[in-house]
Engineer: 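Below are the structure tokens for one structure; questions will follow.
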Amino acid sequence: MNKVSILLKGLLLSTSQWNIYKNCKDKKKKGRIVGNTIGMVILFITLIGYCIAQCVGYGMYGLTDSIPVMCAIVVSTLGFVLTFFKTNGYLFNFKEYDMLMALPFKPGEVAMCKFLYMYIKSLPWYMSVSLSMMAAYGVYAKATLLTYVVWVILSLVLPLLPMVAATFIGFIIAKVGSGFKNKTMVQTVVTFIFIFAIFGLRFFIEKMFRTDKTAEVVQTVSEKTEQAGKIYLPVKWFAGAVNDMNVSYILLLIVISIAVSAVVFMIVGRSYKKINSALKSHAASNSFVMGERKNRSVIGTLVFKEFRRMTGSTIYMTNALVGQVMCLIAGIAVIFVNVDDILEKMLMGAPLTKEMLSPAIPFVVYFFVGMVATTAFTPSLEGKNYWILQSLPITKKTMYQGKMLYNMLLTVPFAVFATITFSISMGSSLLSSLLSIILVTLLCAFSTAWGCVCGVKHMRLDWENEVEVIKQGAAVAIYLFPNMLSTMALIVLTVFLGTFLNKDLILLILIVIVAVLAGFSYNMVLKLSKEQAP
């Protein structure tokens with residue numbers, strides 16, 4: 001463990017934002033770090049407020065003993081999800097693999113270091129949930145000091161088992177993918193299958209919880225969480241330790257979490273070097289023949305470059321394509337499933353008809369394809385190769401136009417298809433359908449241009465792992481959260497306006513507004529490209 005701690009310390013110091021802020025002399029970089037910190041604080045405050053509000057509801061209905069159960073479920077779920085999406089990129093197929101393997105560390109020690117690094121980086125999320133729920137539980141249960149101590153200690157252990165489970169699944173996916181010629185594609189397909197299996201499970205759970213009365217909803221959720229505790233034993237151990245001060249449950253949770261982690265990393269360590277080496281290698285054909293060379297335009301070449309970059313990264317593909325795949329599935333589903341039945345289940349009896357919802361079709365579709373814009377992270381994704389682009393005889397304007405065109409090609413076909421099928425299923429007129437198609441195309445253009453603005457203004461080229469810019473970058477966060485909240489608000493506003501205004505008039509007004517916003521964002525990209533010109 002001494003070697004692991006040395007390696008972990010170096011990894012944390014090299015990626016610590018505080019360490020960078022303290023030693024960096026670049027004012028722009030310091031400003032970005034301050035902005036990132038403020039954004040993260042806002043997210044944590046929002047999460048804490050939501051958790052406290054949820055626990056207050058439990059306390060008001062006399063379900064205080066269920067708060068630890070809910071806390072354990074939320075933290076465990078969060079640990080599994082965050083780790084699963086980071087495993088490929090942090091634990092496997094990471095950029096600094098060759099450098100670490102050249103150091104005097106065993107593969108198992110490197111794997112353990114990477115796992116602990118993921119744990120420490122995600123710990124603020126776990127503790128925000130756990131400590132906020134602990135505070136609410138303490139008020140309603142009138143907890144003793146010992147209860148708080150036990151809660152805090154077990155909160156540090158609670159995420160380990162789900163993180164190990166996610167790591168082991170990522171290990172299986174990496175092991176399966178490493179045996180194929182097109183490793184990235186196989187890993188992406190397996191990852192998508194797992195994601196949609198979890199997504200389908202979510203609807204199954206939601207169906208169990210659905211009822212009409214608030215008190216019954218809370219009671220039903222409480223019963224289901226108790227049932228979850230019987231299936232997933234760490235939840236039961238955590239709740240029993242907090243509610244009853246059961247020493248055996250405390251020991252079981254701590255000992256089994258550490259023991260399972262050790263066993264899994266013994267298994268992972270044996271194949272760790274082999275899997276990473278296979279993922280880093282590239283297959284070569286013995287029958288290679290130089291074919292005819294094709295001429296492409298500069299922008300076309302940049303688009304093809306982005307395509308090759310995406311297909312070479314599992315993290316890039318899963319983030320860039322998950323919305324499009326869901327959009328495609330939804331577009332096909334509405335052809336075969338009655339929309340009225342879907343609305344009745346989703347709205348739980350709310351007095352809304354498909355005629356009232358039809359003006360919101362473009363925003364519903366955009367919610368699938370517009371939540372992730374590749375332009376928000378592709379400028380940063382150039383990383384240490386950015387100087388190569390600077391040395392080429394192309395302008396920054398052309399480079400960003402190529403990135404924007406690629407995102408449009410990635411989103412517009414799926415968005416238009418889903419808009420057409422939704423419009424047909426909801427019985428929209430031909431004019432309304434055409435206006436919806438125009439609006440969703442403009443929304444994709446706005447998403448592309450605004451994402452590029454965020455990506456250029458908050459470009460980060462000194463990353464060591466592509467996860468840092470694709471999933472955790474400031475540009476992605478600044479693009480995602482306001483975009484998501486505003487889209488949800490626009491869906492509600494459009495439905496409300498549809499109750500007393502002509503649908504086509506609403507769509508026309510929105511087309512004008514979105515076109516102006518898209519044009520403004522595109523001009524901002526051009527302005528930024530001139531400011532960056534050498």
Side-chain angles (χ1 to χ4, degrees), residues 322-335 337 339-340 342-343 345-348 350-376 407-408 410-451 454 478-522:
V322 65
Q324 279 80 320
V325 174
M326 292 177 67
C327 184
L328 179 63
I329 293 172
I332 295 173
V334 295
I335 298 174
V337 181
V339 176
D340 292 323
I342 297 175
L343 293 177
K345 292 179 180 179
M346 292 181 62
L347 300 174
M348 293 180 287
L352 293 174
T353 63
K354 62 184 181 182
E355 287 77 16
M356 296 164 63
L357 291 171
S358 59
I361 289 175
F363 293 104
V364 173
V365 173
Y366 176 69
F367 198 82
F368 287 111
V369 300
M371 292 306 103
V372 177
T374 59
T375 49
N407 190 72
M408 289 291 286
L410 204 62
T411 55
V412 172
F414 292 94
V416 170
F417 170 76
T419 302
I420 292 172
T421 57
F422 271 73
S423 298
I424 294 172
S425 300
M426 290 191 174
S428 299
S429 65
L430 179 60
L431 178 59
S432 296
S433 300
L434 290 174
L435 292 175
S436 295
I437 292 170
I438 294 171
L439 179 55
V440 81
T441 304
L442 288 171
L443 284 168
C444 290
F446 165 73
S447 167
T448 299
W450 177 244
C454 297
I478 292 170
Y479 167 83
L480 173 63
F481 291 105
N483 193 29
M484 180 173 63
L485 295 174
S486 60
T487 302
M488 294 171 66
L490 283 169
I491 291 174
V492 175
L493 177 62
T494 306
V495 171
F496 172 72
L497 293 175
T499 58
F500 58 87
L501 286 179
N502 181 271
K503 293 182 292 183
D504 296 338
L505 178 61
I506 296 171
L507 290 171
L508 279 171
I509 294 171
L510 290 171
I511 284 172
V512 174
I513 294 173
V514 175
V516 171
L517 291 173
F520 175 75
S521 300
Y522 181 72

Engineer: Which atom names give the shortest non-hydrogen contact between Cys327 and Val365, and what distance separates them?
Structural biologist: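 Answer, listing the atom of Cys327 first, then Val365: SG-CG1, 3.9 Å.
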Engineer: Calculate, to the nearest 0.5 Å, the distance between atoms OG and CD1 belonging to Ser433 and Ile438 respectively.
Structural biologist: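 Ser433 atom OG to Ile438 atom CD1 measures 11.0 Å (nearest 0.5 Å).
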Engineer: Within the side chain of Ser425, is there an N or O that forms a donor-acceptor pair under 3.5 Å with the backbone of Phe422?
Structural biologist: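 Side chain of Ser425 to backbone of Phe422: no pair is present.
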Engineer: Please report the closest heavy-atom contact between Gly451 and Ala373, naming both atoms and the distance.
Structural biologist: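 Closest approach of Gly451 to Ala373, heavy atoms only: CA-CB, 4.4 Å.
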Engineer: Would the distance check show the side chain of Thr421 and the main-chain N or O of Gly331 forming a donor-acceptor pair, the cut-off being under 3.5 Å?
Structural biologist: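 Checked: pair present.
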Engineer: Within the distance-only criterion (no hydrogens, no angle test), does the side chain of Thr419 pair as donor or acceptor with the backbone N or O of Ile437 below 3.5 angstrom?
Structural biologist: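 The answer is no, because no donor-acceptor pair under 3.5 Å joins these two groups.
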Engineer: Measuring only between side-chain heavy atoms, which start at C-beta, is Phe417 closer than 4.5 Å to Ile332?
Structural biologist: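 Yes, at least one pair of side-chain atoms sits under 4.5 Å.
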Engineer: For Ser447, give me all partners under side-chain hydrogen bond (donor to acceptor under 3.5 Å, both in side chains), at least two apart in sequence or on another chain.
Structural biologist: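 Tyr479.
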Engineer: So which heavy atom on Pro413 is nearest to which on Met408, and how close?
Structural biologist: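 Looking at all heavy atoms of both residues, the closest pair is CD-O, 3.8 Å.
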Engineer: I need the minimum non-hydrogen distance between Ala415 and Val369, along with the two atoms involved.
Structural biologist: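 The pair with the smallest heavy-atom distance is CB-CG2, 4.1 Å.
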Engineer: To the nearest 0.5 Å, tell me how far Ile361 CD1 sits from Leu435 CG.
Structural biologist: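 These two atoms lie 11.5 Å from each other.
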Engineer: Let me confirm one number: the CZ-CG distance from Phe368 to Leu328, rounded to the nearest 0.5 Å.
Structural biologist: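 Going from CZ on Phe368 over to CG on Leu328, the span is 11.0 Å.
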Engineer: Check whether any side-chain heavy atom of Met371 sits under 4.5 Å from a side-chain heavy atom of Thr487, and report yes or no.
Structural biologist: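 Met371 reaches Thr487 side chain to side chain.
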Engineer: Decide yes or no on side chain to side chain contact (heavy atoms under 4.5 Å, CB included) for Thr374 and Leu410, but give the supporting numbers first.
Structural biologist: CA-CA 9 Å; Thr374 59; Leu410 204 62; 3.8 Å; yes
Engineer: Would you mind reporting whether Phe363 and Thr494 have side-chain heavy atoms less than 4.5 Å apart?
Structural biologist: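 They are in side-chain contact.
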Engineer: If I take atom CZ from residue Phe367 and atom CE from residue Met326, how far apart are they, to the nearest 0.5 angstrom?
Structural biologist: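 Going from CZ on Phe367 over to CE on Met326, the span is 9.0 Å.
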Engineer: Between CG of Asn502 and OG of Ser432, what distance do you get to the nearest 0.5 Å?
Structural biologist: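 These two atoms lie 7.5 Å from each other.
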Engineer: Where is the tightest heavy-atom contact between Pro362 and Leu443, given as atom of each residue plus distance?
Structural biologist: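 Nearest heavy atoms, Pro362 then Leu443: O-CD1, 3.8 Å.
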Engineer: Please report the interatomic distance OH(Tyr366) to OG1(Thr411), rounded to the nearest 0.5 Å.
Structural biologist: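 Here the rounded value is 9.0 Å.
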